[in-house]
There are 2 protein chains.
Amino acid sequence: MDQPSRSAGTVRPGGRTARVRAAVLEATQDALVEHGFHALTMDQIAARAGVGKTTVYRRWGSPAGLVTDLMNEFANQSSPHADTGSVEGDLRANALMVMEALNDPRLGVTLQAVIAAATSDEQAALALRTFYLRRIDEWATVVELAVARGELPQGTHAEELIRAVSAPLYYRLVVTREPVTREVAEASVARALAAARAGAFVTAGDRSP
Amino acid sequence: MDQPSRSAGTVRPGGRTARVRAAVLEATQDALVEHGFHALTMDQIAARAGVGKTTVYRRWGSPAGLVTDLMNEFANQSSPHADTGSVEGDLRANALMVMEALNDPRLGVTLQAVIAAATSDEQAALALRTFYLRRIDEWATVVELAVARGELPQGTHAEELIRAVSAPLYYRLVVTREPVTREVAEASVARALAAARAGAFVTAGDRSP
DNA sequence: CGGCTAATGGAACAAGAGTTTCGATAATAT
DNA sequence: ATATTATCGAAACTCTTGTTCCATTAGCCG
């Protein structure tokens with residue numbers, strides 16, 4: 001092999017190279033939507049994108065490499081946290097945003113593909129972790145603001161609360177594979193918030209006097 | 001194709017057929033542990049199990065079929081719910097059981113493989129859903145008993161509470177891919193319980209007078 | 001603009017996955 | 001025991017996937 005090279009496409013990234021990447025990522029997403037991750041072959045992507053398959057192998061190396069790049073692309077489109085004035089409103093905004101992402105035909109399928117790829121590909125796993133930790137960090141701000149406003153107990157673990165809001169949605173998506181509805185999203189917010197108000201997100205020995 | 005036949009192996013399931021199945025499932029699990037789901041090929045499984053590859057194709061059809069059968073095998077080893085005398089003890093037992101399953105080298109890897117397969121294979125998805133809905137149903141009993149004992153509010157949604165205990169563990173396993181530690185399991189129980197005690201698992205308009 | 005060379009892509013090749021055929025073997029019924 | 005036939009498995013086959021080679025194209029820098 002040419003070493004699934006991280007070097008190709010870095011010296012002259014403009015013009016053609018950029019167009020090739022765009023075409024390949026577009027083709028990858030279409031293929032994912034139509035046939036799912038298991039049917040993602042480098043051959044078909046090359047044909048579909050109208051580029052040489054040599055190029056696809058050289059730059060992405062494997063189907064996992066393709067979905068990883070796709071995820072990194074999403075990671076750049078950051079979505080800033082809400083600011084509705086109350087934790088409840090902010091967390092609901094977060095839950096609904098996640099719900100919509102999971103239900104979006106293209107985005108939802110892509111996320112599932114990356115999750116699948118990450119179970120046996122280290123690069124995909126890293127991209128996934130990085131993406132979500134960044135998101136969690138971004139939204140943790142709404143919890144910190146709520147604590148400052150006195151809406152939640154001092155010492156509430158912000159990141160953990162954000163995780164708790166999303167977790168039931170992802171659980172349904174990938175584990176029980178049940179629909180992720182608005183009711184599910186809102187119930188998740190209500191429960192996470194109830195626990196937070198009861199101080200269950202305050203680390204033991206971390207509560208202010 | 002021979003139609004990934006559900007019929008082969010059902011008329012004379014004794015003796016050889018059973019031995020072949022055992023050898024193939026064993027080989028599948030070993031291969032999963034060593035190389036992950038993406039490297040699971042029918043060819044290699046056949047060689048490893050010492051059976052003809054024709055047989056593997058005929059009876060399982062695809063890698064997804066293999067992991068699905070593996071999951072169905074686990075489904076038969078039911079694990080009855082705990083009965084420690086308190087909801088807290090029972091839910092903790094559940095969370096620790098899940099944690100251990102996810103961290104078990106063979107079981108954890110297998111679960112992840114099925115989750116990956118389920119993202120693009122309908123049979124795997126069905127097996128996964130069936131397995132977990134049955135588990136949730138089994139453990140929901142501990143919540144119902146707790147309500148009967150007066151430990152939790154009347155009308156607490158038992159299945160939802162069980163889901164809430166597991167969700168953060170699976171979220172870490174497949175989404176953020178962070179370690180699933182004992183602390184994570186115990187924190188999850190504490191939070192779900194706090195929400196339950198606050199009545200957040202009582203469906204609106206379903207609370208007793 | 002013109003040279004340098006990164007990057008692409010067609011073609012030929014190699015490797016491996018998936019399929020079909022058919023004779024051998026062994027589970028079950030009587 | 002013996003007949004019946006479900007199930008298995010070796011081999012030959014086809015098709016797809018993955019790799020290598022090298023000529024062509026087009027970014028980028030002076």
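All values below come from the heavy atoms of this structure, side chains included, with hydrogens, waters and symmetry mates left out. Here is the naming used below: chain letters follow the sequence lines, and residue numbers restart at 1 for every chain.
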J.: Assess whether a salt bridge exists between B/Arg163 and A/Glu178, defined as any Lys/Arg side-chain N lying under 4.0 Å from an Asp/Glu carboxylate O.
T.: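 Result for this pair is yes, salt bridge flagged.
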J.: For salt bridge (Lys or Arg N to Asp or Glu O under 4.0 Å), just list the numbers for B/Arg135 and B/Glu138, CA-CA rounded to whole Å, side-chain angles, deciding distance to a tenth of an Å, and then say yes or no.
T.: CA-CA 5 Å; B/Arg135 273 253 159 134; B/Glu138 165 70 18; over 6 Å; no
J.: Between the protein and nucleotides 10-16 of chain D, which nitrogen or oxygen pairs come in under 3.5 angstrom?
T.:
unit_1: D/dA10; atom_1: N6; unit_2: B/Thr54; atom_2: OG1; d: 2.8

J.: Has the side chain of A/Arg58 got a donor or acceptor atom sitting under 3.5 Å from an opposite partner on the base of C/dG9?
T.: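 By the distance-only test, yes, there is a pair.
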J.: So, using salt bridge (charged side-chain N to carboxylate O under 4.0 Å, His left out) as the criterion, who are the partners of B/Glu26 when residues are at least two apart?
T.: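 For B/Glu26, the residues satisfying salt bridge (charged side-chain N to carboxylate O under 4.0 Å, His left out) (neighbours in sequence not counted) are B/Arg106.
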J.: Which atom names give the shortest non-hydrogen contact between B/Ala200 and A/Arg191, and what distance separates them?
T.: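 So the minimum-distance heavy-atom pair works out to O-NE, 3.1 Å.
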J.: Apply the side chain to side chain contact (heavy atoms under 4.5 Å, CB included) test between B/Leu25 and each candidate in B/Val67, B/Leu70, B/Asp30; give the one that qualifies.
T.: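 Of the listed options, the one satisfying the test is B/Leu70.
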J.: Only pairs at least two apart or in different chains count here, so list each ring pair (Phe, Tyr, Trp, His ring centres under 6.0 Å) that has a residue in residues 164-193 of chain A.
T.: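 Listed once each, the pairs are A/Tyr132-A/Tyr170, A/Tyr170-B/Tyr171, A/Tyr171-B/Tyr170.
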J.: D/dG18 phosphate, OP1 or OP2: any side-chain N/O from A/Tyr57 under 4.0 angstrom?
T.: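 Affirmative; the distance criterion is met.
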J.: Sugar-phosphate means primed atoms, P, OP1 and OP2; the rest is base. With that split, encode nucleotides 24-30 of chain C 5' to 3' as B, S or - using protein heavy atoms under 4.0 Å.
T.: -BBBS--
J.: OG1/B/Thr130 to CE/B/Met71 distance, rounded to the nearest 0.5 angstrom?
T.: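 B/Thr130 atom OG1 to B/Met71 atom CE measures 10.0 Å (nearest 0.5 Å).
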J.: Would you check if the side chain of B/Thr84 reaches a backbone N or O of B/Asp90 as a donor-acceptor pair within less than 3.5 Å?
T.: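 Side chain of B/Thr84 to backbone of B/Asp90, a donor-acceptor pair under 3.5 Å: yes, one is there.
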J.: May I ask you to list the residues of residues 30-40 of chain A, by number, that have any heavy atom positioned under 4.0 Å from an atom of DNA chain D?
T.: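 By residue number: none to list.
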J.: Expressed in angstrom and rounded to an integer, what is the separation of A/Ile45 atom CD1 from C/dG9 atom P?
T.: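 Checked: the CD1 to P distance equals 15 Å.
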J.: Hey, are B/Glu151 and B/Arg197 close enough for a salt bridge, meaning a charged N less than 4.0 Å from a carboxylate O?
T.: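 No, B/Glu151 and B/Arg197 are not salt-bridged.
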J.: Could you list the residues that satisfy side-chain contact (heavy atoms from CB on, under 4.5 Å) with A/Arg92, not counting sequence neighbours?
T.: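 Partners of A/Arg92 by the side-chain contact (heavy atoms from CB on, under 4.5 Å) criterion, ordered by chain and then number, come out as A/Glu88, A/Leu96, A/Glu186.
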